[in-house]
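Every chain is numbered from 1, with letters handed out A, B, ... down the list of sequences.
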2 protein chains.
Amino acid sequence: MARGSKNPFARTRDDHALETAADYAELILRLTETEGEARAVRIAQILGVSPVTVSKTVQRLQRDGLLVAKPYRSLFLTPEGEALAIKFREKHAVVVEFLIRLGVPSVVAETDAEGIEHHVSELTLEAFRKFIGAGRPHQVDVAGRAKG
Amino acid sequence: MARGSKNPFARTRDDHALETAADYAELILRLTETEGEARAVRIAQILGVSPVTVSKTVQRLQRDGLLVAKPYRSLFLTPEGEALAIKFREKHAVVVEFLIRLGVPSVVAETDAEGIEHHVSELTLEAFRKFIGAGRPHQVDVAGRAKG
DNA sequence: CCACTTGTTTAGCATGAGCTAAGTTTACCA
DNA sequence: TGGTAAACTTAGCTCATGCTAAACAAGTGG
């Protein structure tokens, strides 16, 4: 125990759990907005895993207080889950926009951002924002897309 | 199987395995250079995990052909392992340098790079290199490319 | 040359994340 | 209404990554 904190390595299972949580939360929020509800089968399709995996993961996230799921029904984020979703959506949007500004093709930017967003500190994110802002003014809308 | 490929999510256990492999390979190379040999106990200290974890991971990496380990002796990378180490060392150097150029404090850059380096595609890395090169001529450490 | 310290491995456990197969529930339509 | 298809859950397995406790090697100093 008392692992990490000082060393730059030290990624633990907890980190992975947080990544998963953030991905699910983001996705549930998105599906709720775009499809009216978040169903496990859609999550499975989008994440490319089996519905079984989604079911079990959802149970863990419910245990951890990020969402509420009545059996055989659609999924709902708790306030905590929604906060997480919004936080990562914003991170995601910043990273994507940043990469695009750098000249990375948008499809690649999207893919890379998915991995990177879980590893950028607040300071680095701030540097990204500054870089974006330096180009031209911009805004990020509710769905996390940049307009400008 | 046949998961992902097209979708931007889809990080599997294999991805994590690769990250671990790359981290160990990088570290073993570094320790070999700086301390004359790579011992499990040092890896454990640096990564912030128990020696037991290192022992088991080393066995997996040996099984996967990345290193050779005789019981109770120090660790040696195979050519494949060394290639991986060098590849990620270079990625790491580029990411760190890039973040520093962006204005991220070097300690934070180092930490964030550790996570980011496993998620940047070749295209994004190329964009990073271009950005670095655009500033002023420069040089990158030991095995790192790009002298300008 | 033997004991002790240090390093490594084994045994055994947990948890996350993945799977297939099989069983339940819901929903919808004839 | 009742049957079926789709969605979901349960059971039971795998593997990677972590741990502690305990056993076992290696190296060092008396």
Side-chain angles (χ1 to χ4, degrees), chain A residues 1-5 7 9-25 27-28 31 35-64 66-76 114-115 118, chain B residues 1-5 7 9-25 27-28 31 35-76 115 118:
Chain A
M1 14 230 58
R3 259 201 287 36
S5 294
N7 97 24
F9 296 83
R11 300 187 54 226
T12 59
R13 253 179 306 147
D14 293 346
D15 295 314
H16 297 310
L18 212 210
E19 287 178 43
T20 302
D23 285 345
Y24 272 71
L27 191 46
I28 289 169
L31 289 174
E35 305 188 359
E37 62 176 353
R39 301 299 308 214
V41 66
R42 288 289 294 132
I43 295 177
Q45 283 167 0
I46 295 169
L47 295 185
V49 300
S50 79
V52 178
T53 299
V54 173
S55 187
K56 291 212 331 195
T57 301
V58 158
Q59 285 170 37
R60 274 198 300 278
L61 299 185
Q62 180 160 38
R63 180 202 64 192
D64 295 346
L66 296 179
L67 55 80
V68 173
K70 280 192 292 187
Y72 298 97
R73 296 258 109 98
S74 37
L75 309 171
F76 300 91
E114 200 52 55
H118 299 292
Chain B
M1 16 246 56
R3 262 201 280 38
S5 292
N7 97 24
F9 295 84
R11 300 186 54 225
T12 60
R13 253 180 306 148
D14 293 346
D15 295 314
H16 296 310
L18 213 209
E19 286 177 44
T20 302
D23 285 345
Y24 272 71
L27 191 46
I28 289 169
L31 289 174
E35 306 188 359
E37 62 175 354
R39 302 298 308 215
V41 66
R42 287 290 292 131
I43 295 176
Q45 284 167 358
I46 294 169
L47 295 185
V49 301
S50 78
V52 177
T53 298
V54 173
S55 185
K56 290 207 338 192
T57 301
V58 158
Q59 285 169 37
R60 275 198 302 276
L61 299 185
Q62 179 159 37
R63 179 202 65 192
D64 295 345
L66 296 180
L67 55 80
V68 173
K70 279 192 293 186
Y72 297 96
R73 296 260 109 97
S74 38
L75 309 170
F76 300 92
H118 298 292

Euclidean distance, atom CD of residue A:E19 to atom P of D:dA16 [Å, nearest integer]
18 Å
Compare the minimum distances between each of C:dT9, D:dT10, C:dA17 and the side chain of A:T20, then state the nucleotide with the smallest one.
C:dA17
Return no unless some side-chain N or O of B:Q59 is found under 4.0 Å from OP1 or OP2 of D:dA16.
no
Spacing between B:L66 atom CG and D:dA16 atom P, to the nearest angstrom
13 Å
Nearest-nucleotide wise, let me know which of A:P71 and B:D64 is further upstream toward the 5' end of DNA chain D.
A:P71
Just checking, is any N or O donor in the side chain of A:D23 or A:H118 under 3.5 Å from an acceptor N or O on the other one?
yes
Looking only at heavy atoms, the pair that brings A:I28 and A:L67 closest together is CD1-CD2, 3.5 Å
Could you state the interatomic distance from CG (A:D64) to CD (A:Q59), rounded to the nearest 0.5 Å?
12.0 Å
Round to the nearest Å and state the distance from A:H118 atom NE2 to C:dG16 atom P.
17 Å
In terms of heavy-atom contacts, A:A38 and A:S74 come closest through O-CB, 3.2 Å
Min side-chain heavy-atom separation B:I43-B:T57 under 4.5 Å
no
Listed nucleotide nearest any side-chain atom of A:Y72, set D:dG27, D:dT17, D:dC8:
D:dC8
Which residues in residues 35-43 of chain B have at least one heavy atom lying under 4.0 Å from any atom of DNA chain D?
none
When the distance from OH of B:Y24 to C1' of D:dT17 is rounded to whole Å, what number comes out?
9 Å
Would you compute the distance between atom CD of A:E114 and atom CD of A:E19 and round it to the nearest 0.5 angstrom?
9.5 Å
Measure the CG-CG distance between A:L27 and A:L47 for me, rounded to the nearest 0.5 Å.
5.5 Å
Side-chain heavy-atom pair A:L75, A:L31 within 4.5 angstrom cut-off
no
Give, ordered by number, those residues of residues 51-58 of chain B having at least one heavy-atom distance below 4.0 Å to an atom of DNA chain C; if nothing qualifies, reply none.
B:P51, B:V52, B:S55, B:K56
Between A:L66 and A:A21, which heavy-atom pair has the shortest distance, and what is it?
CD1-CB, 3.5 Å
Using a cut-off of strictly less than 4.0 Å, decide whether A:R60 has a side-chain nitrogen or oxygen near OP1 or OP2 of C:dA17.
yes
Please report, rounded to the nearest Å, how far the P atom of D:dT9 is from the CG atom of A:L61.
13 Å
